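Accompanying notes for the structure given below.
For clarity, every value in this text was computed on a predicted model and none was experimentally measured. Values reported hereafter were calculated over all heavy atoms of this structure, with side chains retained and with hydrogens, waters and symmetry mates removed.
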Amino acid sequence: MTHEEHHAAKTLGIGKAIAVLTSGGDAQGMNAAVRAVVRVGIFTGARVFFVHEGYQGLVDGGDHIREATWESVSMMLQLGGTVIGSARCKDFREREGRLRAAYNLVKRGITNLCVIGGDGSLTGADTFRSEWSDLLSDLQKAGKITDEEATKSSYLNIVGLVGSIDNDFCGTDMTIGTDSALHRIIEIVDAITTTAQSHQRTFVLEVMGRHCGYLALVTSLSCGADWVFIPECPPDDDWEEHLCRRLSETRTRGSRLNIIIVAEGAIDKNGKPITSEDIKNLVVKRLGYDTRVTVLGHVQRGGTPSAFDRILGSRMGVEAVMALLEGTPDTPACVVSLSGNQAVRLPLMECVQVTKDVTKAMDDKKFDEAMKLRGRTLPKKSFEQISANITKFNIQGLVIIGGFEAYTGGLELMEGRKQFDELCIPFVVIPATVSNNVPGSDFSIGADTALNTICTTCDRIKQSAAGTKRRVFIIETMGGYCGYLATMAGLAAGADAAYIFEEPFTIRDLQANVEHLVQKMKTTVKRGLVLRNEKCNENYTTDFIFNLYSEEGKGIFDSRKNVLGHMQQGGSPTPFDRNFATKMGAKAMNWMSGKIKESYRNGRIFANTPDSGCVLGMRKRALVFQPVTELKDQTDFEHRIPKEQWWLKLRPILKILAKYEIDLDTSDHAHLEHISRKRSGEAGV
């Protein structure tokens, strides 16, 4: 990337103004997105405005539209909901209301609007944009705005970010808030599980999702539920018989607990609602089981956003600013969304249309079509085949679940095939390590749980500093030589710096960080957070950095240090990790059964091709099998990390959000593409 392009990002926003609003139902992680929009907007030289109370604030104007500063978004990351408020707005649905909104924006010179909300909010934004020139000419005719103002505001750019805990928006794998809602649900399910073990009980749990069964489906996968009811996939006509048979079978096998998950919009094949009370009455009447109903309600919207949602909100916020500032009168209003692990830009109305198509398909009782449009296929079809294969063959295939050792072990198995025929069996490595350092995968099982543990600790530490001003915390994270945890936790917790092995640093960098914190203490934000990966530098240890900061900060700030240690490997797994692990396991077994069939010759297994020993990994947008031998060249064996790591591109965002004057590499930004109908086999983690 050229120096000019680097410089362009810093000056992209000069002379421009951006307004950000949150609308519709609140979702955890909206604050992370608002914070990123404000800070990256200011970084590019733009003025950024908060619109308080959603579209209502846009219509009412006045004090509802206020300029944001760097400090005004401090301490927002760990808060659920939306700090700038959200309101349902009837006025904006009328043209008169939109006319007032246009007037309020024109008077402030705002021509860029970032809307964070669900599909209703985003549709409203698109209508506003399509009417913009008519609204301006009406305001001109009425003498409310001058010709010069109209020329300056000749077109309106709109970018949407999807904030909705239901994950009901087509075109994005995860909406902001979904992962946090799953955290709340799983916390409750785990708590209920312990009490149900004490008294043989059946629990019926109702979760949110009027038209979308995502929360219900992932919850049922994550907690081993006996049954799940979702709107997109109504049960067969004799579901009552089937359900009762299933429950009594698990009881007979000695299980003391039955869990049934119901989405609030669950229906049968005729479109008749299936309520949690209906299910309870059925179980009590037919089986006589002690059955309790828990309706989770608004608890799912509450609490602290998860690490995933904070990072998602931050990444999407950065992308939204870029999309707005690069917009022209010909660019359609777009949505910034997540596909696998990549940020993409999609035309807003295409996404809204497909989302509406799902609802219509469900209303028309075309449930297979609704499932296809949602892009969700279940591993159910392969269950018999997988089970049959496991029974049919002795140990003639190997699934290795683990970290870097599992990967190197796989390489050794490949080598050993030359000498031992017995080793010529298919094997697959499923990456599972908090360090996230296995070549061939963007994520490994366990890293999300560790990230949330670090995040929670950083939140508590930051809160403790709220009372005592001028304090800097230095926190050491795990990860071996891999800086993933330190970087991502830094992004999620709003750290001032994250020292990692992959980005070498010198004493001058440490001095610059100290100086940066000295300046920060002069603002209203009088606390600092610095993360250090355990093996980032053998000489600049946590103690060394602590001593340096203590000495240099004398009289300006106090320093404290904290080594998190093995608590990062403990705790109950997050919904993301449970869901990801379930998918990886099912996909691995599918692959394995195919490979075993392929390699079955003369009554025995013989697999000696490179593609019969693979790592199953998440790569950008899909779950892919990569031969371990091909990954060898991509590995730094001495430091036990992949040579190229995707998350290093997120490090500039960490620095910009901490107010460093640095260059932002925009070469890898998302380009507008069209919404694709999901193919089975693509990852929707």
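The distance from atom CD of Gln28 to atom CG of Leu312, rounded to the nearest 0.5 Å, is 12.5 Å. One finds the NE2 atom of His64 at 7.5 Å from the CD atom of Gln56 (value rounded to the nearest 0.5 Å). Taking CE of Met316 as the reference point, atom SG of Cys114 lies at 11.5 Å (rounded to 0.5 Å). A distance of 9.5 Å separates OG in Ser337 from CD in Glu319, rounded to the nearest 0.5 Å. To the nearest 0.5 angstrom, Leu136 atom CG is 11.5 Å from Lys141 atom NZ.
More than 12 heavy-atom neighbours from other residues, nucleotides or ligands sit within 6.0 angstrom of CZ on Arg95. Within a 6.0 Å radius of NZ in Lys107, more than 12 heavy atoms belonging to other residues, nucleotides or ligands are found. Atom CZ of Arg210 has 12 or fewer neighbouring heavy atoms from other residues, nucleotides or ligands inside a 6.0 Å radius.
Between the side chains of Asp448 and Thr574, at least one donor-acceptor pair of N or O atoms lies under 3.5 Å. Between the side chains of Thr331 and Thr328, at least one donor-acceptor pair of N or O atoms lies under 3.5 Å. Of the N and O atoms on the side chains of Thr175 and Thr178, at least one donor lies less than 3.5 Å from an acceptor on the other residue. For the residue pair Thr304/Arg184, the side-chain donor-acceptor check at 3.5 Å is not satisfied.
Remark: the backbone N or O of Leu215 is paired with a side-chain donor or acceptor of Thr219 at under 3.5 angstrom. The closest donor-acceptor contact from the side chain of His516 to the backbone of Ala658 lies under 3.5 Å. Under the 3.5 Å distance criterion, the side-chain polar atoms of Thr127 are matched with a main-chain donor or acceptor of Thr123. Between the Ser74 side chain and the Glu71 main chain, no donor and acceptor come within less than 3.5 Å of each other. When atom types are taken as modelled, the side chain of Thr22 and the backbone of Gly85 share a donor-acceptor pair closer than 3.5 angstrom. A distance-only check finds a donor-acceptor pair linking the side chain of Asn452 to the backbone of Ala307 [under 3.5 Å].
For Asp459 and Arg310, the salt-bridge test passes: some basic side-chain N is under 4.0 Å from an acidic carboxylate O. Checked for salt-bridge contact, Glu94 and Arg100 miss the test: no charged N lies under 4.0 Å from a carboxylate O. Note on Asp138 versus Lys144: no salt bridge recorded, every NZ/NE/NH1/NH2 to OD/OE distance being 4.0 Å or above.
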CA sep, side-chain torsions, deciding dist, call: Glu326, Arg345, salt bridge (Lys or Arg N to Asp or Glu O under 4.0 Å): CA-CA 12 Å; Glu326 289 164 11; Arg345 296 178 193 175; 3.2 Å; yes
Stepwise side chain to side chain contact (heavy atoms under 4.5 Å, CB included) check, Ile267 with Lys272: CA-CA 5 Å; Ile267 46 176; Lys272 183 175 164 283; over 6 Å; no
Chi angles and distances behind the side chain to side chain donor-acceptor pair (under 3.5 Å) call for Ser180, Asp309: CA-CA 7 Å; Ser180 303; Asp309 273 331; 2.6 Å; yes
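Screening Ile110, Asp91, Leu113, Asn104 for a side chain to side chain contact (heavy atoms under 4.5 Å, CB included) involving Leu58 leaves a single residue, Leu113.
Here Phe43 and Trp70 keep their ring centres 6.0 angstrom or further from each other. Taking the centre of each ring, Tyr55 and Phe128 stay at or above the 6.0 Å mark.
Contacts classified as salt bridge (Lys or Arg N to Asp or Glu O under 4.0 Å) and involving residues 33-58 (residues at least two apart or in different chains) are given here: Arg47-Glu67.
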